[in-house]
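What you see below is based on every heavy atom in this structure, not just the backbone, and it leaves out hydrogens, waters and symmetry mates. Not measured: the values here are computed from a predicted model.
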Amino acid sequence: MQGSVREAETNNPLENVTVEIKGTNIGTSTDSEGRYTLEDVAPDAILVFSLIGYPNVEHSVQNQANVDVTMGAVAADLDEVVVVGYGTMRKRDVTGAVSSLNAKKIENEAPTQLTDALRGNVAGLNVGFSSRAKGGGSLQIRGRTSLNAGTSPLIVLDGAIYYGAWEDINPADIETVDVLKDASAAAVFGAKSASGVILVTTKKGTEGKPLINYNTTIGVATMAINQPVHQGQDFVNWRSDVFKSINENAQPFQFDDPRNLPSDISMDTWLGYDQSSGDPVRVWLRRLNLQPNEVDNYMNGNVTDWYSQVFQNGLRQDHNLSVSGKNKDISYYVGAGYLDNEGIIVGDRFKTLRTRVNLEANVTNFLSIGMNLQAVSRDDSAIPHAWGEITALSPYGDQFDADGNLTWRPNNEVSGGVNPGYDAFHTDRKDRTNSLNSTIFAKLKLPLGFTFTTNFTPRLELYERYNHERSSHESWATFGGRASRQQRTTYFWQVDNILNWNKEFDGIHRFDVTLLANAEKLQRWDNNMSNDNFDPNDDLGYHGIGNGINPIIGSYDSYSTGDALMARMVYTLKDRYTITGTYRRDGYSAFGQRHPRAGFGSIAGAWTFSEESFFDVDWFNYGKLRASWGSNGNRDVGSGRDMYVALADLTTGKYLYVRPDGTVIQANQLWVNRMQNPNFRWERNTSYNFGLDFSLFNDRLSGNLEYYQMNSTDLLVLRSLPNVIGFDNVMDNLGEVRNRGFEVTLNSLNISKENFSWRSTALFQLNRNAIKHIYRDYGPDGQELNDIQNRWFIGQPIDAIWDWKAQGIYQLGQEEEAARYGLQPGDYRLEDVNDDGRFSNADRQFLGFSEPRYRWSFRNDFQFLKNFSASISMYALFGHQSPFNSLKSRDGFPDRRNSYAFPYWTPENPSNEWARINSNEGSATGFNVYRKRSFVRIDNISLAYSFDAEKLERLRLRGLRVFANVRNAGMWAPEWSFWDPEWDPANGPGPTPRFYTIGLDITL
């Protein structure tokens, strides 16, 4: 028999619907046209149709040869299968805090990274931001849980722990992403899961004819926000104000344009201020410290727009091709993707080739074997122009010399900045990574509901970086050019042996037991060499690295091992009561000899109260209460040299030794560099989680509420030691941090009509942390001491801001008050808490927080006019602040450089926010002025059109979709006005891109 499956609201065909004969293992799935075929179907059989995001549909065959059904999606997808670590589980049976994302939901948004897919789509997951062509960003689940160790979540790819780069996972290959947030859900991963777990499942083959899919996107990256610098005459006017501000005793109009002198000041008087002669305009420009070539360019009207020289519209393209299929013997998915992105900074470019093979074959009816293979070649060779130089370079400097070559210092002044493209032009670099990540597995079905799976996951990464800084560079010529070569090989393997038992008794008792034995090993070989002063020249660069006279050769190899045993049992009674218990014992070679292993456990329960006979509320369709407790570990204590901080290490070096005969030679030395700590152990995260899952109003509104508390203990801190011991400090497990938070997820079906549907998803989260212990050193009053240097305070959040409080600008008439602190009108006024006339730690206050106090996101998806779909998503971060020291108007050396075109205080145009140029800090050296960074961002707007299947049959196509989207479409930040309020912490504020993309998706 045969038939088709369509979506009830849109009448579009549904792909990948599982069609099974009830009570048997016989089944198939629909193709891209929603069609299916089944053989040997009994006349009285019942077919079960299931698909993630839709309620199951049962249909009696009743001797029919053709059965067509429609499926209507609901907001509460309770029978959805989610990945929970070493297995899957029905969503209604989940007892922990798990959030899921189906990649089909964002297929029109053209994500190029895993982080693009996750940003704003999972409550409790914080996704960072990067403006580089490579994209990406950090990931953090439920706040910061450590002071010194890593807090990135564990990535699990197709059931195996993944230590590769996130950017190597092609979003086009992703089927679903499941995020495990609480200790119970993540407990199966024990000592690697204190910061949460992200489970990525890639695509597999589907029943029916082979599918060939080609997806291509092309787009452009543009500047989302511009931050102009002084240009042309505006630069000269600003420089005039600079010299007025820094020369308090200047003569009247000494630094003003002589062409605009008042009638009471003659030109001779003006020139006589410094006994100058000649062209008054040239004299004026030299007083403003413009160099000779700057003066000439001003007089000739030659202006260089450095801003346009460093920023560009970057071309972006992403091409993905896949072939997939499945029959009773084999399932396969083969995909390849090529990504080539240019950034908004000239010279910034990222290229990668990502391939995937997922294969599973049935050897017998009880044995299947397969592999999931990912091979990636990544090119990071591009060298972006130094865009930060725009605030140093004069618009009257020379970009090129008389021969057309790039100049080194455009105004020939040491502090006047470097040509942004000069270093890149004189550098030859090759930076490439090739990696192979695979899982080879075998599944054995055993009697009595047992299944045994063994996974072998080898990973090989080859990294090479070759770099040549040419002697043609005016600065690098002093050491005859410099070249370096680095090769690093990383080999990692792990073995998972998994025994599952899944059994149901009497239709009411269901057991799901998982046992795991795991072993792993990591080895890394890192070689590097460098040389300079090449003879006779450095034309061969890193190809002739032996031609230099100062060779330096180094190597570093590392090695680590780990193992684990884990047991988990899930018991469900009457589909109403579920209890989950997990225990895992881990071992890791990086910890102290007394604590190489540790145990971590959890217990969780769930009660589906809406299934109780006493619960009879028509509008409340589904309700489940969850509670969990558990502990996880954090072994992310570093890599390479930093991994074995538990051990003492020997460091070598060289020194000059004078022999008795007076000759000087280089001699080797060896010393103990670090104190061992045999008690060094795992950081531990113990947490409670309480949750409510619900579905209301005939499943039109669903979601969940989560409340959690996490206590992170045994945190690593660098403990100071008395000098008599011989070491300054030692890493020890002394710290403790507490996190509390609340999360809300709401899904709604707002409108559902034949030609129009509207769905919304709203997420809200807040997290509050507090430091409970640092070094456990106590003062005379019995109170634990704070760490002033690191700004860590007992009882305060890790990100608390402790600083002097700015109270505006001293104005004219406040000279006497300002003079008390060595300041004057136009300088910043700070609060002197103890009124002692100076600023010390006693005057610092808690001013706020550097991390957002709460976050929300809001997404709307529309289906209309049968074949159109659209979405708009936004997210917001509120309650955090950062230093905005441009308000002090004292960046660098303003008398020699340029500046952003910001306002500034003058006697004629006073301000209570912007200080005078080159303002004075008095005794509060290095104080910060803070501004709130709260913002709302329209993250993505997309529109797509899917062609009718009937029309495509004539072209022998099974699917055709065209789409367009805008990423980072708009942003509103009421108080922040310096570039974008969201940035990569490693780079600070800077330009951010807006992406315009069009795409085509074809299925054959």
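Classification of the Phe756-Phe864 ring pair by plane angle, with boundaries at 30° and 60°, yields tilted. Taking the six-membered ring for Trp and thresholds of 30 and 60 degrees, Phe614 and Trp607 have ring planes inclined between 30 and 60 degrees apart.
Rounding to the nearest 0.5 Å gives a distance of 13.5 Å between CD1 of Ile174 and CD of Glu107.
Looking at Trp501, its side chain does come within 3.5 Å of a backbone N or O of Leu448 through a donor-acceptor pair.
In terms of heavy atoms, Arg584 sits closest to Val188 at NH1-O, 2.6 Å. Summarising the geometry of Val122 relative to Ser99, their closest heavy-atom pair is CG1-CB, 3.6 Å, with the distance given to 0.1 Å.
Residues Lys203 and Thr201 are not in side-chain contact: their nearest non-hydrogen atoms beyond the backbone lie 4.5 Å or more apart. The side-chain heavy atoms of Lys105 and Asp861, taken from C-beta on, include a pair separated by under 4.5 Å. Under the 4.5 Å side-chain criterion, counting only non-hydrogen atoms from C-beta, Asp158 is in contact with Arg356. The side-chain heavy atoms of Val61 and Leu47, taken from C-beta on, include a pair separated by under 4.5 Å. Ser610 places a side-chain heavy atom less than 4.5 Å from the side chain of Thr608. Between Tyr333 and Thr202 the shortest side-chain heavy-atom distance does not fall below 4.5 Å. Counting only heavy atoms from C-beta outward, the side chains of Ser368 and Glu360 approach each other to under 4.5 Å. In this structure the side chain of Leu444 reaches within 4.5 angstrom of the side chain of Phe366, judged on heavy atoms.
Residues Asn500 and Thr514 bring a donor and an acceptor atom of their side chains to less than 3.5 Å of each other. Donor-acceptor pairing under 3.5 Å is recorded for the side chains of Asp182 and Ser628. Side chain to side chain, Arg961 and Asn108 meet the donor-acceptor criterion of an N or O pair below 3.5 Å. Defined by atom type and a distance below 3.5 Å, a donor-acceptor pair is missing between the side-chain atoms of Asp329 and Asn362. Looking only at atom types and distance, the side chain of Asn867 has no donor-acceptor partner in the side chain of Ser946 under 3.5 Å away. Donor-acceptor pairing under 3.5 Å is recorded for the side chains of Asn750 and Ser760.
Surrounding CG of Asn66 are more than 12 heavy atoms belonging to other residues, nucleotides or ligands, all under 6.0 Å away.
Between Asp575 and Arg510 there is a salt bridge, since at least one side-chain N of the basic residue sits less than 4.0 Å from a carboxylate O of the acidic one. Ion pairing of Glu109 with Arg859 is present here, as a side-chain N (NZ or NE/NH1/NH2) and a carboxylate O approach within less than 4.0 Å. A salt bridge links Arg626 to Asp693: at least one charged side-chain nitrogen sits closer than 4.0 Å to a carboxylate oxygen. Note on Lys181 versus Glu706: no salt bridge recorded, every NZ/NE/NH1/NH2 to OD/OE distance being 4.0 Å or above. Taking 4.0 Å as the cut-off between side-chain N and carboxylate O, Glu612 and Arg576 count as a salt-bridged pair.
You'll find the ring centres of Tyr86 and Phe189 inside the 6.0 Å limit.
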Test side-chain contact (heavy atoms from CB on, under 4.5 Å) on Phe963 and Asn215 and set out the steps. CA-CA 11 Å; Phe963 56 93; Asn215 182 287; 4.0 Å; yes
Mind running side-chain contact (heavy atoms from CB on, under 4.5 Å) on Glu611 and Lys574 for me, showing each step along the way? CA-CA 9 Å; Glu611 298 293 328; Lys574 297 181 179 181; over 6 Å; no
Given the rule in the side-chain contact (heavy atoms from CB on, under 4.5 Å) test, do Leu139 and Trp166 qualify, once you have shown the distances and angles that lead to the verdict? CA-CA 10 Å; Leu139 293 172; Trp166 300 339; 3.7 Å; yes
Go through the steps to decide whether Trp758 and Lys753 satisfy the test side-chain contact (heavy atoms from CB on, under 4.5 Å), and finish with yes or no. CA-CA 9 Å; Trp758 171 25; Lys753 295 185 177 181; over 6 Å; no
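A search for salt bridge (Lys or Arg N to Asp or Glu O under 4.0 Å) contacts involving Asp939 returns Arg967, not counting sequence neighbours.
With respect to Tyr571, the ring-ring contact (aromatic ring centres under 6.0 Å, His included) criterion is satisfied by exactly one of Tyr577, Phe505, Phe511: Phe511.
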